[in-house]
2 protein chains.
Amino acid sequence: MSGALAEAPPAAAIDSVETQSCFDVIELLFFAYRDFVSDPDRILTDYGFGRAHHRVLHFVNRQPGLTIAELLDILRITKQSLNRVLKELVEKGFVEQRTGVQDRRQRLLFPTVKGRDLALALSRLQGERIRRAIERCGEDDRQAALRFLFAMIDENDRDHVARLVYGAGQRKGQ
Amino acid sequence: MSGALAEAPPAAAIDSVETQSCFDVIELLFFAYRDFVSDPDRILTDYGFGRAHHRVLHFVNRQPGLTIAELLDILRITKQSLNRVLKELVEKGFVEQRTGVQDRRQRLLFPTVKGRDLALALSRLQGERIRRAIERCGEDDRQAALRFLFAMIDENDRDHVARLVYGAGQRKGQ
DNA sequence: TCCGTTACGTCAGCCTTATTGACATATCTC
DNA sequence: GAGATATGTCAATAAGGCTGACGTAACGGA
């Protein structure tokens with residue numbers, strides 16, 4: 001446009017106290033997540049997978065018998081996006097689909113042994129980073145961080161996430 | 001590929017204690033980040049921007065006078081990827097580039113007033129979520145979460161991040 | 001002053017992950 | 001049987017990332 005490119009005054013001069021005090025959370029969340037998700041990348045490319053495959057495999061492994069609808073709700077992507085990566089995971093023998101028992105329209109998702117092994121290898125890698133972090137900051141900070149992260153989730157979704165994270169295990173299906 | 005699709009036994013039966021105890025961090029980090037980055041999306045699309053633009057604008061605003069090399073180190077993307085979004089931010093008048101004073105090879109990045117306003121509007125939105133979280137879990141948990149998140153960052157990068165997050169402000173350049 | 005290095009920009013092509021919209025099929029439920 | 005639900009799929013598109021190669025300008029030391 002006509003580009004009146006006036007320079008902005010320094011941030012500290014304008015920011016409200018509230019905005020200023022949030023930059024640390026905003027930025028540390030960015031950096032922690034950046035490094036956290038980068039760990040599994042090398043292993044994943046060995047299998048021809050990306051981060052999307054990782055996410056699907058993780059939650060299928062965590063909650064065997066998961067339905068497509070539930071997985072879509074967790075990942076917040078479209079079914080077309082999910083279908084692409086899921087199809088690859090099934091074709092390569094990492095995930096198995098079974099027709100639901102109570103509701104035969106559903107496709108329940110289960111990890112194969114191979115899928116479990118990969119999912120656990122990836123979790124182990126991320127777990128190493130987490131354990132190193134706990135060594136630095138202590139178990140109390142980890143517990144507090146869990147409470148804080150949980151409080152950062154959309155209010156409508158917290159019950160669902162709590163069940164998934166703390167109440168997960170074998171579900172319905174065969 | 002001959003597909004012996006044996007089902008894996010339930011996770012609890014195999015997981016080591018160490019692996020098991022990391023699932024909560026892995027998953028809450030995923031859900032918190034998922035919701036955290038989704039807040040600014042609606043505003044961003046109004047401007048024809050995406051999350052990549054947001055990240056660039058945020059750090060340019062936080063550290064006026066940032067160089068391209070420093071920004072690449074923060075974002076961990078290639079200069080080609082950065083250049084695409086940066087060019088759009090400059091063309092639309094949200095970021096201004098100036099030739100470095102001490103080193104004329106460098107292009108120092110500054111937010112325009114327009115850029116600052118947008119960056120702060122986006123931070124404010126994310127700050128609201130953070131403040132709601134603190135209301136739920138308390139200031140102590142926030143402080144602890146910051147320590148935990150910091151410890152999750154690559155060791156080599158912690159000093160750099162600490163300077164950026166806690167020691168940021170106006171830098172070199174006119 | 002010359003030369004190697006550094007900082008940055010750019011062209012070209014490609015991949016992954018996501019989107020929207022439309023439509024098909026099987027199954028459940030009333 | 002009819003409508004709603006769960007899933008699969010085709011097609012087109014966009015965002016955001018990548019590699020590789022090459023060009024230019026500026027720095028900095030021998």
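Per chain, numbering begins at 1; letters A, B, ... match sequence-line order. All values derive from a computational prediction rather than experimental measurement.
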Just how far, in rounded Å, is [atom2] of [N] from [atom1] of [X]?
X	N	atom1	atom2	value
B:His53	D:dA14	NE2	P	14 Å
B:Lys79	C:dA12	NZ	P	16 Å
B:Gln102	D:dA25	CD	C1'	18 Å
B:Arg84	C:dC14	CZ	P	17 Å
A:Ile68	C:dT27	CD1	P	16 Å
A:Asn83	D:dC10	CG	P	10 Å
B:Asp41	C:dT17	CG	P	19 Å
B:Phe49	D:dG16	CZ	P	11 Å

Exercise. At under 4.0 Å between heavy atoms, what does A:Arg51 touch on the DNA or RNA strands: base, sugar-phosphate, or nothing?
Worked result: sugar-phosphate
For this session: Tell me what B:Gln97 touches on the nucleic acid: a base, only sugar-phosphate, or nothing, going by heavy atoms under 4.0 Å.
Result: sugar-phosphate
Problem set entry | Aromatic ring pairing B:Phe49/B:Phe94, orientation class (parallel under 30°, perpendicular over 60°, tilted between) | perpendicular
Listed nucleotide nearest any side-chain atom of [X], set [options]:
X	options	value
A:Val85	C:dC28, C:dC8, C:dT17	C:dT17
B:Gln80	D:dT19, D:dT7, C:dC8	D:dT19
B:Lys87	C:dT10, C:dT17, D:dG8	C:dT10

N/O (side chain, [X]) to phosphate O (OP1/OP2, [N]) under 4.0 Å:
X	N	value
B:Arg105	C:dT6	no
B:Thr78	D:dC18	yes
A:Arg55	C:dA18	yes

For this session: Would you kindly compare A:Gly50 and A:Asp103 by the position of their nearest DNA chain C nucleotide and give the one closer to the 5′ end?
Result: A:Gly50
Problem set entry | Residue closer to the 5' end of DNA chain C, A:Glu88 versus B:Leu72 (nearest nucleotide) | B:Leu72
For this session: With the side chain counted from C-beta on, respond yes when B:Arg142 and A:Val25 share a heavy-atom pair under 4.5 Å apart, and no when they do not.
Result: yes
Exercise. Can A:Ser123 and A:Gln126 be counted as having a side-chain donor-acceptor contact under 3.5 angstrom?
Worked result: no
Exercise. Is the Lys NZ or Arg CZ of A:Arg98 less than 6.0 Å from the centre of A:Phe110's six-membered ring, within 45° of the axis?
Worked result: yes
Exercise. Quick one: the side chain of A:Arg107 and the base of D:dT7, do they pair up donor-acceptor inside 3.5 Å?
Worked result: no
Exercise. Under 3.5 Å, side chain of A:Asp35 to main-chain N/O of B:Asp154, donor-acceptor pair present?
Worked result: yes
